[in-house]
Amino acid sequence: MDECIFCKIARGEMESEILYADEEVIAFRDINPQAPVHFLVVPRKHIVSALDLSPGDAGLLSRIFEVIKTVAEKEDIAASGMRILTNVGRAAEQIVLHLHFHVLGGRRMHWPPG
Ligand code: AMP
């Protein structure tokens, strides 16, 4: 997707603080952090949202969660607890229409979320 900002980050055409990258998945710091640690884990493949995943993406999804764990441990938020979330569509305020998992930690998370 030419104009998708997360595709651009994945292709190295837009700057970001990359925390992890492999052939399938990248993780980078959110530009507008909502917690002391806030990073995004994103498949390189352009998938609009969690609702657009197909059975063929099972391996990719599992890889994403492995990367979440790896980076969370590196960022030292895994042991204390953290939040993993993905927004879908307008009501959830999904701004970037490329599947991404927010990972937030380093402070107490509240429930229900806003
Ligand atoms: P969402 O509302 O779930 O679509 O969240 C999109 C997230 O992407 C927001 O938290 C933004 O701060 C973040 N974001 C947007 N552009 C960039 C960028 N260039 N680098 C890092 N994070 C970004």
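When a residue number appears, it is its place in the shown sequence, counting from 1. In each ligand, atom 1 is the first atom listed, and ligand 1 is the first ligand listed.
- If you take NE2 on His100 and CG on Asp30, they are separated by 8.0 Å, rounding to the nearest 0.5 Å.
- Sequence neighbours left out, not one pair with a member in residues 86-105 passes salt bridge (charged side-chain N to carboxylate O under 4.0 Å, His left out).
- Between His98 and His46, the ring planes are perpendicular. Angles over 60° get that label, and only those under 30° would be called parallel.
- Side-chain contact check for Val41 versus Val71: every heavy-atom pair is 4.5 Å or farther apart.
- With respect to the salt-bridge test (charged N to carboxylate O, under 4.0 angstrom), the residues Glu75 and Arg29 qualify.
- Hydrophobic clustering (ILVMFWY, side-chain heavy atoms < 4.5 Å, transitive): Ile47 and Leu97 are in distinct clusters.
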I'd like the atom pairs linking ligand 1 to the protein - N or O on both sides, separation under 3.5 Å - with distances to 0.1 Å.
residue, atom, partner, partner atom, Å
ligand 1, 2 (O), Glu93, O, 2.7
ligand 1, 2 (O), Ile95, N, 3.3
ligand 1, 3 (O), Asn87, ND2, 2.9
ligand 1, 3 (O), His100, NE2, 2.7
ligand 1, 3 (O), His102, NE2, 2.8
ligand 1, 4 (O), Ile95, N, 2.7
ligand 1, 4 (O), Val96, N, 2.9
ligand 1, 4 (O), His100, NE2, 3.1
ligand 1, 5 (O), His100, NE2, 3.3
ligand 1, 5 (O), His102, NE2, 3.3
ligand 1, 10 (O), Asp30, OD1, 3.2
ligand 1, 10 (O), Asp30, OD2, 2.5
ligand 1, 12 (O), Asp30, OD1, 2.5
ligand 1, 22 (N), Ile31, N, 3.1

